[in-house]
There are 2 protein chains.
Amino acid sequence: MMKEFEFTVYRGTFIQLARLPESDSTSSPAKPELQRTKGVLWVSAESGRIKGFDWKAQDDEAFYAFMSRHGWVDVDGKTNGNLGGATKVKIVEAREDKNQFFFPGFIDTHIHAPQYPNAGLFGSSTLLDWLETYTFPVESGFGAQPTMNGKSQDQNPTDAPASALHIYDQVVSRTLSHGTTCASYFATIHVPATNALAAICHKRGQRAFIGRVCMDNPEFCPEYYKDLSAEDSLSATKDTIQYIHTLDPKGTLVKPIVTPRFAPTCSRPSLTSLGQLAASYNPPLHIQTHIAENKNEVALVKELFPEADSYAAVYDQHNLLTPRTILAHAVHLSKEERSLVKARDAKISHCPASNSALGSGIAPVRDYIDEGITVGLGTDVSGGYSPSILEAARQACLASRLLGHTKDFIEYYSHAGYGKQHIEGREKLSVAESLYLATRGGAAVVNMENDIGGFEIGMVWDAQLIELGSVRMSGSSPLSSTVNMNGTPSTSLIQSGPVGNVDLFGTESWEEMVQKWVWSGDDRNVKAVWVGGRMVHWRG
Amino acid sequence: MMKEFEFTVYRGTFIQLARLPESDSTSSPAKPELQRTKGVLWVSAESGRIKGFDWKAQDDEAFYAFMSRHGWVDVDGKTNGNLGGATKVKIVEAREDKNQFFFPGFIDTHIHAPQYPNAGLFGSSTLLDWLETYTFPVESGFGAQPTMNGKSQDQNPTDAPASALHIYDQVVSRTLSHGTTCASYFATIHVPATNALAAICHKRGQRAFIGRVCMDNPEFCPEYYKDLSAEDSLSATKDTIQYIHTLDPKGTLVKPIVTPRFAPTCSRPSLTSLGQLAASYNPPLHIQTHIAENKNEVALVKELFPEADSYAAVYDQHNLLTPRTILAHAVHLSKEERSLVKARDAKISHCPASNSALGSGIAPVRDYIDEGITVGLGTDVSGGYSPSILEAARQACLASRLLGHTKDFIEYYSHAGYGKQHIEGREKLSVAESLYLATRGGAAVVNMENDIGGFEIGMVWDAQLIELGSVRMSGSSPLSSTVNMNGTPSTSLIQSGPVGNVDLFGTESWEEMVQKWVWSGDDRNVKAVWVGGRMVHWRG
């Protein structure tokens, strides 16, 4: 099909996190900073990639001159239809008067799609009892328990239970509505439902890594929800990989990811074969799992794998600690494990909302970054209660501000030799640092730092249009105005100004507007979302 | 004016926190539980107080029989206009099909109204530098710096700056929209603007305690924003009290509260005279201040008040530690201070969002409660970034789950003799406990536990109508449905089902629905708010 237009021209304010310079090993890496540019940026309709920008074309006059210079004409005939340009372009504007701006799409590096019905339900549980009480029961409803040991399973997504399809559809709707353009999903052990999640992401246009969950250790997995053997884990994983490679042969949008749930649920043969499977592809497949979320879990792994020096070493022994591995949580890593993760260039998904909600602890992510480890953010639905990466960014800031009060953190740096590495207060994440983790950090975690997470020529247009709303202070006094039926005076800002909960008073710098978005914003501020140049969500 | 109708009859589901039994001193107090009733409850249009309920009148038939039995007729002529009852009543229904329910209004026991424009702006600051950088500058804009030492100030609210009026109007709009029916406000040092806040609350119908801030210590207060003397602090406070007592002679809605900012900003003569002022009324006036928010602040108070054994003792020496005193924060109280606060029956406002955001620490509130101290929730705008008590409830839960990781908490209970008092994990606040703090706890903090915070006969109707939205799972498969322009399939729950971010799948118990409201809800779920029986906010 011919495209109606050759480029989409995005016009207005663009805010992103500046790319960090490569750090040398002698000093701490630079802290991320927000970067704002105004003008136009254009994206190929064919490839969905950014082809150019012009930060001088800021006002209408400069914009028309820009269009004319390129010989472009507005396909909708609004902007400069009479200039007679030869090349049709679509124009999308971020309106200044509504404090709209383009921002890179969020990347959720760790989310359990089937657990979404449990979002907000966790009681006072911690990891291991939470899995038993909340998680395994809901996940087990996504298909039949496998009964045919070793035989190839049904692959047809339409054979997944209707409830599973609706839940997955809702997860994709919700994450898109919060501006998540790329997600690394854990599904369940069931091949049809996992394939359905891939098909739904592909259809809806969300960039996704889709992992069929492997869990075959009968010592830890419940009787009603497990792979029957290491062979089953492997063959079902292969089935899903095959389905996804058929669905999206070039992996433009959806890719498979090898997913041993976590060490306690997996037999050694399963871990070994999954490591081999990932390595057998060129480039190797991505891998995702959990690590050191909770102290009881760390103790359990030590007991189950006495041959390994550490939790990280378990994965390393099975070739699962690779540059394409996402390790979720990493709250309680030892100094040696931090070195090992860094040496293998494995990535960390920081899930602060989940870690606070389940009382797991606080991951010292600023230190990980300073040590050279790549970190992104994850919602960890439904250990995390929210599918919003903006909420994860907020919780990352909050948790980091409590980190200095924790015993483990204080003791780590009181250890002889470690103390000098820590600068007082450096562990506190700023809004810019959290947003970096949510965009460029996440992009690096999924090894796509040259494709997504920022606005650079050659990157794909995975973006969101944020609207903070206008500043409108009425001239009449609230003391003299009349009060409506609903108690709201007609002068009130709440009725005339803001979108959602962000209130602007006209005194804010642009950086402060971004801070207000992070601290008070929600999905109401996400007016449109694009993945690979395709609009995949829009709020009227 | 005659009321058009005698009662408002609220019909449907009512959820509240059960009143706790008085605890004896030998065992830990009971933990709060959610309580649900269905039927009708009626409120006097004259007094705004709850006059009765009938938990049997659940279905239409029983409801009509109930109406007929009382001889009541629907003033809107909808429900039973032809029954010929003599007494007109207004009927308000919480609809089952939309998962609506009535819930007690929230009580914000600590909020700085003038700081609202700074909500979300705090950088990486902690208390003392945050005051200098963000807080004093914004507050100083609410009026002219006093120049006439000792003379009575202008009291006219219309003389407050227009920007101050608009900000206060917006704060009231926002807090009402989040379901806050009662708030204890810090204003600024300026009498006209403080009086304007009182007038706006009175006009808009929000229950409020209004405090003119006292700060006369030139050693700590900035030159451009302070009372000129202890006499000025006192006389300006008296001016505001007089204004409020004229505005609302019975204190039905708005009351004054004596407000020494916190010990470091107040001279000894000022503290003494404010304590005397509060005690000179019958009943004594309410008092609010800050205590032990931050460790540097605690050290500063120790340095400034060497004559006092502790921070709490400073207030106690000046008769400011009373049963009608609200102590905001109380993060770092010593064992002795906890005993003193308990002995004086002073109340604590727990402000978890603020304490995390400014890195102040985590208040061990479950322990305070177990020791017999009364605790409520505060947003502490703008140390807290959100004017929502629901957000404060969430942050109370999250912070409490991290408390067991903090050094201070661990060491407190490793002290000989204290350890036996602590039950492992008891410090984690459940959703029910947080909601208790947000309603009945807050009511007790402002000494109104027999008037607000629950649905009991004789209490005033300070309430909110919560809507979670319907469960609607479409029959057609997301795999076969068409995708709209905006990427959302027509089958998607996001377009047809929920209000805001709460997603119901039809599998939730009613307690789980409440949990989902707390973890995913926002102002979109607040459909209506009443104070004293008057509707003061409504969302269409």
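Letters A, B, ... mirror the listed sequences (proteins, then strands); counts begin at 1. Everything numeric here is computed off the predicted structure, so don't read it as measured data.
A donor-acceptor contact closer than 3.5 angstrom is absent between the side chains of A/Glu411 and A/Ser414.
Looking only at heavy-atom pairs under 4.5 Å with chain A, the residue among B/Ala357, B/Ala199, B/Ser400, B/Ser124 that has the most is B/Ala357. Between chain B and the options A/Lys203, A/Arg394, A/His178, A/Glu391, the largest number of non-hydrogen pairs under 4.5 Å is found for A/Lys203. Residue with the most contacts toward chain A among B/Gly123, B/Ala528, B/Gly359: B/Gly359 (heavy-atom pairs, distance under 4.5 Å). Your options are B/Ala353, B/Gly361, B/Gly205, B/Gly500, and the one with the most heavy-atom pairs under 4.5 Å with chain A is B/Gly361. Counting heavy-atom pairs under 4.5 Å between each of B/Asn501, B/Asn118, B/Leu165, B/Thr158 and chain A puts B/Asn501 at the top.
Judged by distance alone, the side chain of A/Thr180 and the main-chain N or O of A/Leu176 form no donor-acceptor pair under 3.5 Å. Judged purely by atom type and a 3.5 angstrom limit, A/Arg401 uses its side chain to pair as donor or acceptor with the backbone of A/Leu429.
Between B/Asp503 and B/Lys516 no salt bridge is recorded (no basic side-chain N to carboxylate O distance below 4.0 Å). A salt bridge between B/Arg524 and A/Asp523 is present, with a side-chain N of the basic residue lying under 4.0 Å from a carboxylate O of the acidic one. B/Lys407 has no carboxylate O lying under 4.0 Å from a charged side-chain N of A/Asp408, or vice versa, which leaves the two without a salt bridge.
Both the backbone and the side chain of A/Leu479 have a heavy atom closer than 4.5 Å to some heavy atom of chain B. Heavy atoms of B/Ala160 lying under 4.5 Å from chain A are absent altogether. No part of A/Ala432 comes within reach of chain B, as not one of its non-hydrogen atoms sits under 4.5 angstrom from that chain. Interface remark: A/Asp522 contributes side-chain atoms only to the contact with chain B (heavy atom separation under 4.5 Å). Contacts of A/Pro157 with chain B are made by both backbone and side-chain atoms, with heavy-atom separations under 4.5 Å. Using a 4.5 Å cut-off between heavy atoms, B/Ala119 touches chain A through its backbone atoms (N, CA, C, O) alone. Only the side chain of A/Gln395 comes within contact range of chain B, with heavy atoms under 4.5 Å apart. When heavy atoms are compared at a cutoff of 4.5 Å, B/Val502 approaches chain A solely by way of its backbone atoms N, CA, C and O. Interface remark: A/Ser480 contributes backbone atoms only to the contact with chain B (heavy atom separation under 4.5 Å). For a residue to count as touching a neighbouring chain, one of its non-hydrogen atoms must lie under 4.5 Å from one of that chain's; by this rule A/Leu403 does not touch chain B. Heavy atoms of A/Ser386 lying under 4.5 Å from chain B are absent altogether. For A/Ala162, no part lies under 4.5 angstrom from a heavy atom of chain B. Heavy-atom distances place the side chain of A/Thr126, and not its backbone, under 4.5 Å from chain B.
Between A/Tyr385 and B/Ser520, the shortest heavy-atom contact is O-OG, 4.0 Å. What you find for A/Ser434 and A/Ala396 is that their closest heavy atoms are OG-CB, 3.7 Å. Closest approach of A/Ser430 to A/Cys397, counting heavy atoms only: O-SG, 3.7 Å.
A tilted orientation is assigned to the rings of B/Phe122 and A/Trp519, their planes being inclined by 30° to 60°.
Between the CH2 atom in A/Trp530 and the NE2 atom in A/His537 there is a gap of 10.5 Å [rounded to 0.5 Å].
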